[in-house]
Chemist: 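Below you will find the structure I want to go over with you.
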Amino acid sequence: MAYYRSQVLICAGTGCHSNKSNEIIERFNEELKKHGLEDEVQIVTTGCFGLCAAGPIVVIYPEDTFYSKVKADDVPELVEEHLLKGREVERLIFTTEDDSGDEPKTLKFVDTDFHKKQRRVALQNCGRINPEDIDEYIAFDGYKALEKVLTSMTPEDVINVMKESGLRGRGGAGFPTGVKWSFAQAAKGDKKYVACNADEGDPGAFMDRSILEGDPHSVIEAMAIAAYAIGADEGFIYVRAEYPIAVRRFQIAIDQAREYGLLGENIFDTGFNFNLNIRLGAGAFVCGEETALMNSIEGKRGEPRPRPPFPANKGIFDKPTVLNNVETYANVPKIILNGAEWFNSVGTEKSKGTKVFALGGKINNVGLVEVPMGTTLREVIYDIGGGIPDDKKFKAAQTGGPSGGCIPTEHLDLPMDYESLMSIGSMMGSGGLIVMDETDCMVDVARFFMDFIVDESCGKCPTCRIGTKRMLEILERICEGKGEDGDIEKLEELAKTLKSSALCGLGQTAPNPVLSTLQYFRDEYEAHIYEKRCPAGACKKLLSYEIVADKCMGCSACAKQCPVSAIEGEIRSPFTIDKEKCIKCGACMDTCRFNAIIKA
Amino acid sequence: MKKTAADLEQIRKETLKNVELRTGKDGYKIIVGMATCGIAAGARDVFKEAIEKVIEKDLDSVTVGQMGCIGLCSMEPIVEVISPSGEKTRYIKVNKEKIDNIITSHIIDGNVVSEYTSES
């Protein structure tokens with residue numbers, strides 16, 4: 001094996017890739033060749049580091065220098081300065097500001113608050129290894145858990161370890177994984193399946209994608225372990241086609257594992273056989289629901305089936321099936337290797353281990369973070385997430401996507417786990433965490449998620465198909481200032497019906513965003529309905545821009561900026577806005593240097 | 001080709017040598033001054049020689065790195081050797097032959113080559 005004195009790790013996750021990290025990789029190869037360094041310096045493409053806001057990310061070892069927001073044109077300088085002359089390129093090193101008001105400090109990745117306060121289990125290898133090289137996965141104890149399971153444990157042993165570990169489904173519902181496996185093991189059948197749900201559809205959630213892109217072998221290894229535990233010999237992973245990089249890397253990983261005999265017949269000469277196939281989803285949200293997903297794998301229309309029978313007894317092709325989420329699987333090899341106690345020493349009483357959250361919305365460090373269960377929202381948002389941009393005030397965080405709810409300011413210090421989030425009307429969900437500030441309207445947020453659900457409802461059961469549509473109509477009316485007395489009560493009644501009578505999880509949880517915003521922000525609904533006013537100033541129909549005559553200097557800057565020529569006046573005397581013409585884009589307000597334009 | 005558990009252990013060991021760079025190696029560090037003054041004095045050749053020697057002698061735990069100018073341009077090429085316990089030795093006016101000797105006696109045998117150091 002070649003000796004490299006230096007390694008350049010370049011993030012090739014979807015976030016950095018869309019910021020052209022592929023060009024950076026190419027440029028590095030060119031520049032290294034130019035300087036004759038190609039035999040000394042190795043380029044390693046990795047998965048997601050998590051700090052997507054600072055991407056594209058390049059880390060150079062052995063110095064462990066963390067470069068952020070690198071462009072292809074920075075590469076010649078990086079090669080010449082850092083790799084040839086050994087001088088770090090200061091201007092590109094990641095910096096962070098702290099509360100002390102001192103100059104921003106340049107930091108190593110491991111020293112950032114963003115990294116220090118995390119505990120990475122599922123994301124352990126993301127950003128550390130090259131996901132397209134099985135040897136690197138093996139180097140960090142890869143496939144050791146599978147070997148241990150096949151050579152020294154019975155299926156019952158495996159299930160017991162999983163039960164003791166307390167691992168629960170990371171897809172949202174939080175069902176104990178070991179228990180699920182024991183049901184499928186107990187089920188009778190000549191053929192059984194394991195499946196992986198990678199149909200990540202919640203707006204704002206992307207942890208499953210990052211695991212598949214950054215550490216695909218951990219999922220393959222875990223699925224093989226699950227197969228051994230329940231007595232299956234075939235598996236499916238259901239990935240949405242909108243994740244092309246994840247699909248490609250996973251296929252490479254399957255091919256490499258097959259070549260090494262870690263998939264296929266007689267694995268580790270133990271007589272255990274396991275084959276794995278990829279199935280692509282066409283982008284329907286409902287296919288993330290387990291029974292719809294299984295229909296889709298079978299080649300049928302992606303519609304849910306009634307439960308029971310549960311997949312453990314009648315799953316794919318009516319055979320006993322275990323279906324787990326990507327993040328759940330990613331924890332499995334580590335639990336097998338380190339033991340149940342290692343895993344359950346972290347977390348809260350009923351929720352063990354760590355959880356990955358995808359931070360999005362009004363937050364500085366947009367990205368992926370993994371924290372112990374029981375970490376408070378305040379720690380996640382302010383310590384790890386770096387707070388809210390422009391010093392705006394926190395209003396609420398939405399967890400669980402369209403099935404979840406919001407967490408308002410008063411619950412910022414609530415330790416987050418499955419039960420605590422349920423108790424305040426939200427849910428863990430897959431871990432999408434969208435932060436909202438004072439300028440976000442909660443009625444509009446509820447409307448947004450309902451709009452999403454109406455699009456994604458499969459239409460099989462009328463409660464969901466019609467009920468969500470009616471709820472959306474009411475919400476739209478309220479946002480447009482046409483809300484009526486009694487609308488809130490109608491929403492609540494529809495919500496109750498949907499919750500109790502929809503066929504699948506999608507419909508049953510669809511009213512959650514409405515119910516939770518009603519619980520914490522009822523006054524905003526009332527302001528819209530009775531005062532025809534949007535307190536956050538977000539609903540355009542309820543908004544008008546005005547020029548305060550006393551403050552207006554008559555400079556005409558706003559009139560020049562207005563895209564629809566709705567502002568008129570004479571130079572040096574106050575201007576006025578024609579409210580009929582105004583499209584409420586806010587361009588005038590951004591332009592005015594005298595703060596003479598206000599939202600009313 | 002199908003791998004056995006023993007094969008995997010072999011791959012693990014081999015690959016770890018390479019990926020260790022990312023987790024920090026515990027052996028000697030050889031740091032070559034590679035500023036303009038150093039390169040002009042032939043630091044690049046010394047640096048390449050150091051890497052070749054490390055490969056040749058199978059010194060997996062050794063890190064070869066560079067540093068910038070430390071202000072002693074007339075003494076270049078300068079090479080610093082940092083022992084696993086953190087002791088720093090500075091060698092001056094190093095050439096290919098000297099770096100070979102440094103690696104053989106200092107890194108492998110643990111004896112500082114005092115006639116090359118800045119103190120001599």
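Every value quoted in this text rests on a predicted model; they were computed, and no experiment measured them. Chain identifiers are assigned alphabetically (A, B, ...) following the order of the sequence lines, protein sequences preceding nucleic acid strands; residue numbering begins at 1 within each chain.
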Chemist: Let me know which of B:Val19, B:Thr15, B:Leu16 forms a side-chain contact (heavy atoms from CB on, under 4.5 Å) with A:Asp135.
Modeler: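 Running side-chain contact (heavy atoms from CB on, under 4.5 Å) over B:Val19, B:Thr15, B:Leu16 with A:Asp135 returns exactly one hit, B:Thr15.
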Chemist: Find the one option among B:Val62, B:Ile31, B:Ile39, B:Ile51 whose heavy-atom pairs under 4.5 Å with chain A are most numerous.
Modeler: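 Top count of heavy-atom pairs under 4.5 Å with chain A: B:Ile51.
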Chemist: To the nearest 0.5 Å, what is the distance between NZ on B:Lys13 and CD1 on A:Ile138?
Modeler: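 Reported value, rounded in 0.5 Å steps: 15.0 Å.
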Chemist: Is there a side-chain contact between B:Lys48 and A:Glu40, using heavy atoms and a 4.5 Å cut-off?
Modeler: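 Yes; the side chains approach each other to less than 4.5 Å.
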Chemist: Compare every heavy atom of B:Arg12 with every heavy atom of A:Gly142, then report the nearest pair and how far apart it is.
Modeler: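 What the structure gives for the nearest pair is O-NH2, 2.7 Å.
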Chemist: Specify the closest pair of heavy atoms between A:Leu84 and B:Met34, including all atoms of both residues, with the distance to one decimal.
Modeler: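 Where A:Leu84 meets B:Met34 most closely, the heavy atoms are O-CE, 3.0 Å.
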Chemist: With a 4.5 angstrom heavy-atom cut-off, could you sort out which part of A:Asp141 is near chain B: side chain, backbone, both or neither?
Modeler: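 Both parts, backbone and side chain.
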Chemist: Checking B:Lys2 side chain against A:Leu262 main chain: does a donor-acceptor pair fall under 3.5 Å?
Modeler: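 Side chain of B:Lys2 to backbone of A:Leu262: no pair is present.
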Chemist: How close do B:Arg44 and A:Arg5 get, counting heavy atoms only, and between which atoms?
Modeler: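 Between these two residues, the closest heavy atoms are NH1-NH2, 4.3 Å.
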Chemist: Please confirm whether the backbone N or O of A:His82 pairs with a side-chain atom of B:Gln66, one donor and one acceptor, at under 3.5 Å?
Modeler: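 Side chain of B:Gln66 to backbone of A:His82, a donor-acceptor pair under 3.5 Å: yes, one is there.
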Chemist: Relative to chain B, which segment of A:Val59 carries a heavy atom at a distance below 4.5 Å: side chain, backbone, both, or neither?
Modeler: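 A:Val59 has no heavy atom closer than 4.5 Å to chain B.
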Chemist: Does atom NZ of B:Lys29 have more than 12 heavy-atom neighbours from other groups under 6.0 Å away?
Modeler: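 Open: at most 12 neighbouring heavy atoms sit under 6.0 Å from NZ of B:Lys29.
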Chemist: Quick check for you: among A:Lys144, A:Arg128, A:Arg258, which has the greatest number of heavy-atom pairs under 4.5 Å with chain B?
Modeler: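 Highest number of heavy-atom pairs under 4.5 Å: A:Lys144.
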Chemist: Please look at A:Glu80 and chain B and tell me whether the side chain, the backbone, both or neither of the residue comes under 4.5 angstrom of a heavy atom of that chain.
Modeler: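 Neither part.
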Chemist: What part of A:Glu147 gets closer than 4.5 Å to chain B, counting heavy atoms only: side chain, backbone, both or neither?
Modeler: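 Interface part for A:Glu147: side chain.
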Chemist: Side chains of A:Phe268 and B:Leu8, heavy atoms from C-beta outward: is any pair under 4.5 Å?
Modeler: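 Yes; the side chains approach each other to less than 4.5 Å.
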Chemist: Counting only heavy atoms closer than 4.5 Å, note whether B:Val54 contacts chain A via side chain, backbone, both or neither.
Modeler: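 It is the side chain, since no backbone atom gets that close.
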Chemist: So for A:Glu88, is it side chain, backbone, both, or neither that comes closer than 4.5 Å to the heavy atoms of chain B?
Modeler: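 Neither part.
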Chemist: Looking at B:Lys93, I want to see if its NZ is surrounded by more than 12 non-hydrogen atoms of other residues, nucleotides or ligands under 6.0 Å.
Modeler: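 Atom NZ in B:Lys93 is not packed in, count stays at 12 or less.
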Chemist: Go through the atoms of A:Glu81 and report whether side chain, backbone, both or neither lie under 4.5 Å from a heavy atom of chain B.
Modeler: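 Contact with chain B involves no heavy atom of A:Glu81 at all.
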Chemist: In residues 217-225 of chain A, which residues are in contact with chain B at a heavy-atom separation under 4.5 Å?
Modeler: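 From residues 217-225 of chain A, none sit under 4.5 Å of chain B.
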